[in-house]
Amino acid sequence: MNKNCRNMALAAAFALSAAGLWGCSTSVQLPDTVKVQQGESSDNRITVSGMEEVKAVPDIAQIQYSVYTQAATAQECQEENAKNINQTLETLKGLGVEDKSIQTSDYGMNPIYDWTSGQQKITGYQMTTSITVSDIPVENAGKIITDSVASGVNELDSVQYLCSDYDEKYQEALKKAVEMAKGKADAMAEAAGMTVVRAVNIEEGGYYPQARYNTLASSKQMMAVTEDASADMGVMPGEISVEAQVNVTFEME
């Protein structure tokens, strides 16, 4: 082989080698190219919030009231308090309230002091016992309060109204909140010339199962019931707002 032929062969070999190296370089870069495309796809996302509320009518009531007594001696005070408590418990049972729905507590007795003489002098005793009546139908609450007052209850602390189907109402509000978020995402995607494909992440904004509110009876209300125990105390539970909030991330294209 002459010199020209050898040079041509070497040039051809070099060209083939360079082509092979270039091909290897291209194949190595392919995974990086795929990653870049995935990154661009993940950027086409939007996160929006949705909040909705559902109204619910309370159907269960919880009543907390007390028997307060005052007497010259501790024994008289305790006996009078126990008498009124027992009368109230009998009244509740007569109205069909189950034992598991009745709870007595506190049993607090304290001396009454007279400081007018400049010295500590006990002039009597006072005692308060609380009764909590729970899980009763709302429509029975007025009758229970009125008859309990006639039996010896003289302090009405609170009436709480609860919704027994709170979980179902909350789930309904959750669905509506997600629908609201989807509507907002659709509108924003359309304005950007894109389309919402699917939800890729949903987060609950908060769960507050305190589906109740308290009505604190004033002394004026208590006096009105005490003076006319033959009339049922009006109970108006109104409505409860069950709220749900979500944050939803949507993918767009």
Side-chain angles (χ1 to χ4, degrees), residues 57-164 209-240:
V57 178
D59 56 349
I60 299 175
Q62 177 175 296
I63 306 167
Q64 184 171 3
Y65 42 38
S66 307
V67 172
Y68 172 82
T69 54
Q70 183 176 329
T73 66
Q75 182 177 351
E76 291 175 340
C77 185
Q78 191 275 331
E79 290 176 351
E80 181 67 19
N81 191 274
K83 174 185 174 182
N84 291 336
I85 286 292
N86 291 333
Q87 288 178 172
T88 302
L89 295 179
E90 289 300 319
T91 296
L92 291 174
K93 294 177 182 179
L95 293 172
V97 180
E98 299 182 9
D99 289 345
K100 64 180 182 179
S101 296
I102 305 172
Q103 181 184 30
T104 57
S105 59
D106 292 346
Y107 307 103
M109 178 185 291
N110 297 292
I112 302 173
Y113 296 103
D114 180 11
W115 298 91
T116 56
S117 62
Q119 295 180 350
Q120 180 177 324
K121 180 181 179 181
I122 297 177
T123 59
Y125 291 85
Q126 56 186 359
M127 182 175 183
T128 300
T129 302
S130 298
I131 303 176
T132 301
V133 188
S134 57
D135 299 327
I136 59 175
V138 167
E139 58 269 21
N140 296 345
K143 176 69 172 175
I144 288 175
I145 293 173
T146 302
D147 288 6
S148 296
V149 169
S151 299
V153 168
N154 48 19
E155 290 186 358
L156 179 57
D157 303 316
S158 68
V159 180
Q160 298 178 337
Y161 303 110
L162 302 95
C163 184
S164 62
Q210 298 87 351
R212 64 188 180 186
Y213 60 88
N214 298 343
T215 300
L216 299 179
S218 66
S219 57
K220 183 177 180 181
Q221 290 175 312
M222 192 73 255
M223 290 175 60
V225 176
T226 305
E227 292 172 358
D228 188 8
S230 61
D232 288 350
M233 183 176 182
V235 173
M236 301 294 292
E239 288 184 328
I240 291 175

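Atom set for the values below is all heavy atoms of this structure, side chains included, hydrogens, waters and symmetry mates excluded. Remember, it's a predicted structure, so these values are computed and weren't measured experimentally. In this chain, numbering begins with 1 at the start of the sequence shown.
Closest approach of Thr88 to Gly152, counting heavy atoms only: OG1-N, 4.2 Å. For the pair Tyr68 and Gln126, the tightest heavy-atom approach, listed with the atom from each and the gap, is OH-OE1, 2.6 Å. Contact between Pro58 and Glu239 at its shortest, heavy atoms only, is CD-CA, 4.2 Å. Here the shortest heavy-atom pairing between Thr128 and Glu155 reads CG2-OE1, 4.4 Å. Nearest heavy atoms, Leu162 versus Ala61: CD1-C, 4.4 Å. The shortest heavy-atom contact between Gln87 and Ser151 is NE2-O, 2.8 Å.
Annotation: side-chain hydrogen bond (donor to acceptor under 3.5 Å, both in side chains) contacts of Tyr125 (sequence neighbours excluded): none. Residues passing the side-chain hydrogen bond (donor to acceptor under 3.5 Å, both in side chains) test with Glu139: none are found, sequence neighbours excluded. For Thr132, there are no side-chain hydrogen bond (donor to acceptor under 3.5 Å, both in side chains) partners two or more places apart in sequence or in a different chain.
Between Leu89 atom CG and Ile102 atom CD1 the span is 6.0 Å, to the nearest 0.5 Å. Between the CD atom of Gln160 and the CD1 atom of Ile60 there is a distance of 12.0 Å, given to the nearest 0.5 Å. Note that OG1 of Thr69 is 11.0 Å distant from CD of Glu76, once rounded to the nearest 0.5 Å. Going from atom OG of Ser101 over to atom CD of Gln62 covers 9.5 Å, rounded to the nearest 0.5 Å. Between Ile144 atom CD1 and Ile63 atom CD1 the span is 5.0 Å, to the nearest 0.5 Å. Remark: Lys143 NZ to Thr91 OG1 distance equals 10.0 Å, nearest 0.5 Å.
Without hydrogens or angle criteria, Asp114 side chain to Thr116 main chain gives a donor-acceptor distance under 3.5 Å.
With contacts defined as side-chain heavy-atom distances shorter than 4.5 Å, the pair Tyr113/Ile122 qualifies. Side-chain contact between Asn140 and Leu95 is absent, with no heavy-atom pair separated by less than 4.5 Å. Looking at heavy atoms from C-beta onward, Asp99 lies in side-chain contact with Lys93 at the 4.5 angstrom threshold. Val159 has its side chain within reach of Ile145: a pair of non-hydrogen atoms, C-beta onward, lies under 4.5 Å apart. Within the 4.5 Å cutoff, the side chain of Asn84 has no heavy atoms near those of the Val153 side chain.
Side chain to side chain, Ser66 and Asp157 meet the donor-acceptor criterion of an N or O pair below 3.5 Å. A donor-acceptor contact closer than 3.5 angstrom links the side chains of Ser164 and Asp59.
With Leu92 as the fixed residue, the side chain to side chain contact (heavy atoms under 4.5 Å, CB included) test singles out one of Ile136, Asp147, Val133: Val133.
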Mind running side-chain hydrogen bond (donor to acceptor under 3.5 Å, both in side chains) on Thr129 and Asn81 for me, showing each step along the way? CA-CA 8 Å; Thr129 302; Asn81 191 274; 2.7 Å; yes
If you apply the rule side chain to side chain contact (heavy atoms under 4.5 Å, CB included), what do you find for Gln120 with Trp115, and how did you get there? CA-CA 6 Å; Gln120 180 177 324; Trp115 298 91; 3.6 Å; yes
